[in-house]
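Residue numbers run from 1 in the order of the sequence given.
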Amino acid sequence: MKPVIALVGRPNVGKSTLFNRMTKSRDAIVADYAGLTRDRHYGDGRLGQREFIVVDTGGFEPDSTTGIVKEMAKQTRQAVAEADVVIFVTDVRTGLSGQDQDIARYLRQANKRVLLTVNKAEGMVDSPLLAEFHELGMGEPHPISAAHGQGIRSLLEAALADFPEDEEDDGGEDPDAPIRLAVAGRPNVGKSTLINTWLGEERLIAFDMPGTTRDAIKVPLERNGQRFELIDTAGLRRKGKVFEAIEKFSVVKTLQAIADANVVVLMVDATQGVSDQDAHIAGYVLDSGRAVVIAINKWDAIDSYQRQMLERSIEQRLAFLKFAPIVHISALKRQGLGPLWQAIIDAHASASRKMPTPVLTRLLLEAVQHLAPKRSGAFRPKMRYAHQGGMNPPIIIIHGNSLEHVADTYKRYLEGRFREYFKLVGTPLRIEFKSSHNPFVDG
């Protein structure tokens, strides 16, 4: 399970800059809660081999009781509840404020591990200005500059100190192990209904016991002799047992479940169409290299014109998931569940398909014979052989000369040939090129 780091602090102390620095991107998954102008942002970060999830929050005023400020405080409380480590961001230039004191008081009560960070401190490691932040009683302040990237690595090392490096095995899984299955999608799309229908009972389980927020919730399920493990992202919870701030929908649980799964069922609500958030979650599934099946729920609730519009919006907004099978279902009425299971099994089989080197090399040479890659300046890429570099997702490594000049269109052409031969459905396929060094180039 990836650790979760939440960034908390008053407005304009540089949380978003720090978020972008930690995730090495300007791209965030945004939780689109209706009526909120300021939401939580989620992103993926990596330090060496260790991966983590970062949550950026709006400016926090813990005692606020009105309007949008109250909603922002609620969002931040949720982020703190979901987090394993909280980074409390302050600003050395404006100094310590009463608001910082309020936030510190709240974080002490929250009973989380907190790292105090003083931002905008470029070149001020020994500055006496840092001394006043000891007043917060939250340990030694970490001076950083999010804008200049100073002190970020040591801050992350401190944040991740309690989490061992994940020992991931690249697809070398036990063939008898159950297929890990995650159901992802926006709130109220029907995830709980689908899982309860699969389990054949109203199985409402209390998950959020104190101290277990990091544990994946796995529900065993057997179907036609095939064992599955459902990783919950939905909310199979008995209402009274849940800490109030943890809402029905937790992006963190979704991201952790996707990273943990073999196959992801991406649920889309036919009555609402494909939203930005669906596209964001789909992008995250693709980046994680997970096999994916798109389940269009409540298909029976829309007419033929709406169906056409929905299919068009899927083509446009989820174009990068062309390989994913689309299954129309009604979780409530138990329609389409047979084809959905078949699509899940096919996607898993494709993701863990073995591809022998002689077959891959023959397919590669046939493809080149049919259509050679274009010359780039003085170089024509020359492909010699191919072999499998991993599973879940399948990776094909192609060796040859001048392969850095191969165009993306040609890469897609090769992908199509490999997919067709091995009948790969529902899984991304990664193609990597490795060029041999030409000893005459430097002479």
Side-chain angles (χ1 to χ4, degrees), residues 3-19 22 31 33 36-42 52-121 130-144 146 155-156 158-162 208-214 241-253:
V4 180
I5 300 173
L7 307 181
V8 171
R10 58 189 165 84
N12 304 321
V13 289
K15 295 186 297 298
S16 296
T17 311
L18 179 57
F19 174 88
M22 288 166 78
Y33 291 88
L36 291 191
T37 56
R38 183 59 217 237
D39 310 315
R40 301 194 298 284
H41 286 197
Y42 299 81
F52 53 89
I53 292 168
V54 192
V55 189
D56 176 25
T57 60
F60 186 30
E61 298 176 27
D63 299 330
S64 56
T65 52
T66 55
I68 194 68
V69 181
K70 177 187 173 189
E71 290 295 351
M72 280 158 55
K74 185 174 156 195
Q75 292 285 304
T76 306
R77 285 195 194 93
Q78 162 106 13
V80 170
E82 290 175 333
D84 300 304
V85 182
V86 176
I87 293 181
F88 175 18
V89 187
T90 58
D91 179 346
V92 72
R93 295 191 186 162
T94 55
L96 197 57
S97 73
Q99 217 174 335
D100 291 329
Q101 301 275 14
D102 294 341
I103 295 169
R105 202 174 305 118
Y106 170 74
L107 290 176
R108 273 196 292 274
Q109 292 164 357
N111 209 14
K112 293 277 177 177
R113 195 165 141 251
V114 180
L115 295 177
L116 174 61
T117 305
V118 185
N119 193 21
K120 306 180 188 175
L130 295 174
E132 69 171 326
F133 290 92
H134 284 276
E135 279 179 39
L136 293 172
M138 309 209 86
E140 190 67 35
H142 292 259
I144 64 161
L155 174 65
L156 281 175
L160 297 171
D162 292 352
D208 287 296
M209 296 299 179
T212 62
T213 21
R214 288 200 71 244
K241 296 277 185 187
V242 185
F243 167 46
E244 203 51 44
I246 301 280
E247 291 158 24
K248 245 318 207 214
F249 175 58
S250 161
V251 177
V252 161
K253 281 208 172 72

Which heavy-atom pair separates P141 from F133 by the least distance, and what is that distance? CG-CB, 4.1 Å
L160 and P3 have their tightest heavy-atom pair at CD2-CG, 4.0 Å
Checking Y106 against V8 for the side-chain contact (heavy atoms from CB on, under 4.5 Å) test, could you report, in this order, the C-alpha distance in whole Å, the side-chain angles of both residues, the deciding distance, and whether it holds? CA-CA 11 Å; Y106 170 74; V8 171; over 6 Å; no
CG of L115 to CZ of F88, rounded to nearest 0.5 Å, is 12.0 Å
Pairwise side-chain contact, V89 with I144, heavy-atom cut-off 4.5 Å (strictly under): no
What heavy-atom pair brings M138 and A104 nearest, and what distance separates the two atoms? SD-CB, 3.8 Å
Give the C-alpha distance, both sets of side-chain angles, the deciding distance and a yes or no for side-chain contact (heavy atoms from CB on, under 4.5 Å) between D84 and F52. CA-CA 10 Å; D84 300 304; F52 53 89; over 6 Å; no
Shortest non-hydrogen contact from A6 toward A83: CB-CB, 3.6 Å
d(L155 CG, L18 CG) to nearest 0.5 Å is 6.5 Å
Short N-O contact, D91 and K120, less than 4.0 angstrom: yes
Is there a side-chain contact between I5 and L156 (heavy atoms, below 4.5 Å)? yes
Hey, could you give me the CD/CG distance between Q101 and L96, rounded to the nearest 0.5 Å? 5.0 Å
Determine whether V92 and P143 make a side-chain contact, defined as any pair of heavy atoms from C-beta on separated by less than 4.5 Å. no
Give me the one residue out of R113, H142, M22 that meets side chain to side chain contact (heavy atoms under 4.5 Å, CB included) with I87. M22
Here the pair of heavy atoms bringing D56 nearest to S16 is OD2-OG, 2.9 Å
I want to check something: taking the side chain as every heavy atom from C-beta on, are D100 and R10 in contact at a cut-off of under 4.5 Å? yes
With R108 via salt bridge (charged side-chain N to carboxylate O under 4.0 Å, His left out) - residues at least two apart: none
Measure the CG-OG1 distance between N119 and T90 for me, rounded to the nearest 0.5 Å. 8.0 Å
Taking CG in D162 as the centre, count heavy atoms belonging to other residues, nucleotides or ligands within less than 6.0 Å. Is the count above 12? yes
For I103 and G9, work out which heavy atoms get closest and say how close. CD1-C, 3.8 Å
